[in-house]
Amino acid sequence: MVTCQRFLVGMLLVATAVAIVASSSFSQTQPGHPGVVPFAAKTLPETKTERNNRMRWWREARFGMFIHWGLYAVPAGEYKGKRSEKIGEWIMEWANIPRADYEQFATRFNPVKFNAAEWVRIAKNAGMKYIVITSKHHDGFSLYDSRVSNYDVVDATPYARDLIKALAAETKRQGLKFCFYYSILDWHHPSQYVDAPGKDPTAGNGTTKMRPGGKEEYVAYMKDQLRELITAYDPAVLWFDGEWQDWWTEEDGQDLYRYVRRLKPAIIINNRVGKGRQGMAGMSKTDREYSGDFGTPEQEIPANGLPGADWESCMTMNTTWGYKSYDDKWKSAETIIGNLIDIASKGGNYLLNVGPTADGLIPQPSVKRLADVGKWMKVNGQAIYGTTASPFATQLPFGRATSKPGRIYLHVFDWPADGRLRVPSWGKRVKRVYLLTTPKHDLKSIETDDSIEVEVPTTAPDKVATVIVMDLDKRR
Ligand code: FHN
């Protein structure tokens with residue numbers, strides 16, 4: 001027998017749900033849009049060779065641009081005079097902004113200075129091989145022309161043009177891979193609400209609750225959006241996020257993984273489609289098989305290589321993903337180059353973020369640093385692209401190493417003052433040693449029992465990291 005109290009709670013829930021639906025002037029629930037063909041989830045047999053072929057471009061790319069862009073760039077980290085140390089794209093959460101108020105930012109999102117060719121040029125010139133942009137972040141706003149939501153850049157903003165279309169076309173024109181970020185957590189979709197002390201039920205929050213019967217509707221909505229994203233823009237990677245909700249399960253992740261791979265078998269999907277991720281360390285747990293093609297450490301680099309595992313470390317250039325006008329804690333270009341080398345030496349990819357402004361510009365401090373990284377990559381790119389992890393069992397005291405068949409690249413951060421670089425032996429014989437920048441000029445090297453001593457110039461040719469090449473003696 002439903003007690004009076006339970007009845008009241010039930011009513012409250014329904015009232016809240018109704019209030020939430022009514023609180024947004026933007027409709028989203030148009031599942032089964034005409035032209036969306038129903039879909040059967042089947043298992044996806046894939047041989048090791050097929051997987052290696054599918055992952056090859058991504059493994060060789062090593063370096064990509066992450067772009068967090070959306071309505072949160074309008075307040076740029078400030079709401080009603082309130083600022084926060086927290087990340088800019090979470091302003092709807094930390095400023096407790098109700099859905100209806102947050103939607104008003106759309107009326108001020110007008111990136112007239114957005115220039116797709118310039119953005120892609122900045123990424124390409126930095127040595128980046130792919131671009132991952134937020135098609136929809138936690139705030140639920142679609143940065144592309146969605147046919148199942150009018151809370152998007154075409155229907156809800158004065159800009160009223162599909163800027164993703166422009167960026168996708170330009171990315172491909174300049175020879176980079178175009179990829180999408182898509183958030184499973186959605187603070188705007190009427191299926192979800194917030195039940196946290198002091199929080200407006202329609203504001204942002206780390207976790208949301210699913211109203212009764214809402215999940216099916218929301219999953220159908222996500223699938224409609226993912227179908228239109230894949231069929232309209234042909235992304236090479238789907239980078240999911242926001243999966244930590246307790247209403248999202250590994251089974252949901254496996255279903256969504258199959259759904260997306262069926263739409264585009266060659267696509268690559270990160271491990272945040274399911275529940276495998278172990279927090280910010282980002283790699284999947286091993287207690288069972290988890291969906292996803294690669295691990296996603298965030299703001300950190302694994303201490304050691306992860307042989308055989310595909311992973312990609314994503315990182316901000318300052319301390320926010322989405323644009324904040326006052327966040328000037330920028331990493332130096334040296335630090336970024338060091339991270340890229342460190343990550344490649346451990347067999348991973350580096351996805352480095354930019355947070356453009358609401359009027360469509362990549363912040364100048366990012367542009368400057370990416371240009372400096374590009375200068376280093378123009379000279380040393382071959383020691384990063386298409387390499388695999390360092391063969392050395394322990395960390396090299398002077399830097400890092402990356403490998404290619406028959407060749408080792410030493411990335412020297414700490415140049416030996418005595419002009420003698422001591423490389424611990426690792427069981428291979430070295431045929432030639434030379435600076436990457438002067439391949440015809442051999443450096444003298446002496447093999448001792450446990451090391452190879454290389455005679456190097458007294459001053460480091462590159463103040464950030466000098467690459468020395470060791471061609472191996474293939475006979476042994
Ligand atoms: O909450 C998001 C955050 O806004 C940002 O998108 C990062 C990027 O990897 N991922 C989540 C935090 O883990």
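Along the sequence shown, the residues carry numbers beginning at 1.
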Could you check whether R272 pairs with E298 (Lys NZ or Arg NE/NH1/NH2 to Asp/Glu carboxylate O, under 4.0 Å)? yes
Once you round to the nearest 0.5 Å, how far does CD1 of I268 lie from CG of D293? 6.5 Å
In the structure I gave you, are the side-chain heavy atoms of T335 and M317 within less than 4.5 Å of one another anywhere? no
Does A117 offer a backbone N or O that forms a donor-acceptor pair with the side chain of Q174 under 3.5 Å? yes
I need the C179 SG to I131 CD1 distance, nearest 0.5 Å. 8.5 Å
Check whether the side chains of Y144 and Q225 place a donor and an acceptor atom closer than 3.5 Å, and report yes or no. yes
Within the side chain of N270, is there an N or O that forms a donor-acceptor pair under 3.5 Å with the backbone of F294? no
Which residue in the set K136, H138, H137, E89 passes side-chain hydrogen bond (donor to acceptor under 3.5 Å, both in side chains) when paired with S183? H138
Under a 4.0 Å N-O cut-off, is there an ion pair linking E85 with K329? yes
Indicate yes or no for a side-chain donor-acceptor contact from K177 to the backbone of W58 under 3.5 Å, with no hydrogens or angles considered. no
Between E170 and R121, is there a side-chain N and carboxylate O pair less than 4.0 Å apart? no
Please report the shortest heavy-atom distance between M283 and A309, naming the atom on each side. CE-CB, 4.0 Å
Just to verify, which of W90, Y72, Y151 counts as forming a ring pair (Phe, Tyr, Trp, His ring centres under 6.0 Å) with W187? W90
Could you give me the CA-CA distance, side-chain angles and deciding distance for L256 and W248, then say whether side chain to side chain contact (heavy atoms under 4.5 Å, CB included) is met? CA-CA 11 Å; L256 201 57; W248 187 252; 3.9 Å; yes
Only one of W321, Y181, W119 forms a side-chain contact (heavy atoms from CB on, under 4.5 Å) with W69, so which one is it? W119
Locate the shortest heavy-atom distance separating T134 from L143; write the atom from each residue and the value. O-CD2, 3.4 Å
Determine whether K129 and E60 satisfy the following criterion, salt bridge (charged side-chain N to carboxylate O under 4.0 Å, His left out), listing intermediate values before the conclusion. CA-CA 9 Å; K129 297 294 186 183; E60 293 179 350; over 6 Å; no
With heavy-atom distances below 4.5 Å as the criterion, would you say the side chains of I267 and F180 are in contact? no
In terms of side-chain heavy atoms, does D186 have a donor or acceptor partner in Y221 at a distance below 3.5 Å? no
Would you check if there is a donor-acceptor pair between the side chains of T208 and W247 at a distance under 3.5 Å? yes
Checking D200 against T202: is there a side-chain donor and acceptor pair closer than 3.5 Å? yes
Report yes if some heavy atom in the side chain of Y290 is under 4.5 Å from a heavy atom in the side chain of N271; otherwise report no. no
Less than 4.5 Å apart, any side-chain heavy atom of V120 and any of L167? yes
Strictly under 6.0 Å, is that where the ring centroids of Y130 and W57 end up? yes
Any non-hydrogen side-chain atom of V273 less than 4.5 Å from a side-chain atom of L238? no
Donor-acceptor contact below 3.5 Å, side chain R54 vs main chain E50: no
May I ask you to decide whether R51 forms a salt bridge with D310, counting only side-chain N to carboxylate O separations under 4.0 Å? yes
Does NZ or CZ of R161 fall inside the cone over Y159's six-membered ring, less than 6.0 Å from its centre and within 45° of the axis? yes
Between E78 and S325, a side-chain donor and acceptor under 3.5 Å: no
Determine the interplanar angle of the H411 and Y409 rings, folded into 0 to 90°, and report it as parallel if under 30°, tilted if 30 to 60°, perpendicular if over 60°. tilted
Inter-residue atom distance R400.CZ - L410.CG, 0.5 Å rounding: 12.5 Å
Pairwise side-chain contact, W239 with T296, heavy-atom cut-off 4.5 Å (strictly under): yes
Please determine whether a side-chain nitrogen of the Lys or Arg among K375 and D372 lies less than 4.0 Å from a carboxylate oxygen of the Asp or Glu. yes
